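Here is the structure we will look at.
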Amino acid sequence: MNDILPGESSRWEWLEDKVRTLMARYAYRNIRTPIVEPTALFVRGLGEVTDIVEKEMYSFEDRLNGEQLTLRPECTAGVVRATVEHSMLYDGGKRLYYMGPMFRHERPQRGRYRQFHQIGAEALGFPGAEIDAEMILLADALWKEIGLTDVRLEINSLGQPEERKAHRAALIAYLEQNASQLDEEARRRLYTNPLRILDTKNPAMQALVEGAPRLVDYLGEASLAHFNAVKAILDANGVAWRFNPRLVRGMDYYNLTVFEFITDRLGSQGTICGGGRYDYLIEQIGGKPSPAVGWALGVERVLELLKEQGLDSPVPVPDVYAIIPEASALPIAIKTLQQLRALGVRAQMHSPTGAADGMGSMKSQFKKADASAAAFALVFGADELLRGTVLVKALRDGSGQQVEQSLQDVASWAGHLQSQR
Ligand code: ATP
Ligand code: MG
């Protein structure tokens, strides 16, 4: 679990701003659900035989009433619970997005943390392939918006439960024939959740997985038509995809379209975003049967990839740094800064640190002004104040220009202070 300090958090805020703007363009609205949910929600929603439920959840008992609770390992289950609890689908489908921390007890390594952050989008109540495509286009637009390249899209279809049943029998038979190659986890899951075995991270089992019967070969006409419709929209919009028949995703709730955005530049933690359709989850959680589709991206991995590409985000800096030679000028200086801030200027006041005598020397105040990266210094000197003015000194454009400005009509020069952003 990481502290995110100011040097880093400006990147986070920059990404979050981009996401908010983009979500508005696609008409997705923000939803915020609790970090803690009843454990049963995840067991029922994600599936008992999944990595998350078997070994990654932070679960505990509420000391006051004995209720079993879990720190959310993902947010789809919580969003679905909320839509059911508040009957949000009574008047049609909803497009939602969220951002926030998730918790999984994994082995920490690059791109894999125990508290990590996801940004996710969910469209609930819409059955059509065009929504699956919209979801993928939305994620793809985000990569373009923030400048990410080197991301490829893999897609698959998991079909419908009936089709999975037929595939499951063939898959079990295949795995039984190759029982000697199964690791302990796979042997345990062979009859409870064989599809999960295809999601193994064990390199020794990759060849086995490669040769396994493909779900796509068991899909009926309707499922294939849905899959083809998604691909046609992606093609029409110039979004490149690769069909990966082994892509199954980590939770049991998916059906039909599943997808991942993957990069080769982050080592083995290369999946930056994953999602798919989950038409049976809402009913599973106690709601009226309704289709849905969604994705979640890993914020740490996306930011890491941006860094890997050498991309930096703008760091917010003050427009002005207020230099205050004598403490007696503080009331008028602060009043002026308040007026400027109300007009949108970013203003930092000089404040002595440590046991300094008074406000500190002009030299040390100018040094601080430089370090703040502000474009201008405002010098509240005694002579200027007597004239009802303040000295505005350019710090960064190389001109060293100084002008006196009147304290009577701050609004007339506030705009100029923002000109160097
Ligand atoms: P992985 O296969 O890497 O374990 P996952 O299938 O468990 O990923 P999802 O549950 O689909 O991942 O979560 C969506 C995204 O959240 C992932 O693609 C990844 O970018 C990010 N993510 C998942 N687990 C972690 C983690 N422990 N630390 C950081 N990011 C994570
Ligand atoms: Mg995982």
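Please read all numbers here as calculations on a predicted model, not as lab measurements. Counting starts at 1 for both ligands and their atoms, in listed order.
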Legend entry - Taking atom 21 (C) of ligand 1 as the reference point, the nearest protein heavy atom with its distance: Gly298 CA, 3.6 Å
Inset, instruction - Verify the neighbour count for atom CD of Gln109: are there more than 12 heavy atoms of other residues, nucleotides or ligands below 6.0 Å? - result: yes
Legend entry - Per-atom contacts of ligand 1 with Ala296, taking only distances under 4.0 Å to non-hydrogen atoms: 14 (C), 15 (C)
Legend entry - Heavy-atom nearest neighbour in the protein, as seen from atom 29 (C) of ligand 1, with distance rounded to 0.1 Å: Gly111 O, 3.2 Å
Inset, instruction - Would you indicate whether Asp3, at its atom CG, is surrounded by more than 12 heavy atoms from other residues, nucleotides or ligands within a distance under 6.0 Å? - result: no
Inset, instruction - Using a 4.0 Å heavy-atom threshold (strictly under), name the region of Arg114 that reaches ligand 1: side chain, backbone, both or neither. - result: neither
Inset, instruction - Could you tell me whether Arg112 approaches ligand 1 through its side chain, its backbone, both or neither, with non-hydrogen atoms closer than 4.0 Å? - result: both
Legend entry - Modelled atom types, side-chain donor and acceptor of Gln68 and Ser59, under 3.5 Å: no
Inset, instruction - For ligand 1, indicate whether the residue Gln118 contacts it via side chain, backbone, both or neither (heavy-atom separation under 4.0 Å). - result: side chain
Legend entry - Closest approach of any protein heavy atom to atom 5 (P) of ligand 1, naming residue and atom: Arg104 NH1, 3.9 Å
Legend entry - Ring geometry between Phe376 and His416 (parallel below 30°, tilted from 30 to 60°, perpendicular above 60°): tilted
Legend entry - Geometric N/O contact Thr271 with ligand 1, under 3.5 angstrom: yes
Legend entry - ligand 1 versus Arg249: contacting region, heavy-atom distance under 4.0 Å: side chain
Legend entry - Of the listed options Arg301, Arg107, Gln269, Glu300, closest to atom 8 (O) of ligand 1 (non-hydrogen atoms): Arg301
Legend entry - Check: Glu134/Tyr28 side-chain N/O donor and acceptor closer than 3.5 Å: yes
Inset, instruction - For the residue pair Leu89 and Lys288, establish whether any side-chain heavy-atom pair is separated by less than 4.5 Å. - result: no
Legend entry - For atom 22 (N) of ligand 1, closest protein heavy-atom neighbour: Phe116 CE1, 3.5 Å
Legend entry - Note, Leu142 side chain near Leu297 side chain (heavy atom, < 4.5 Å): yes
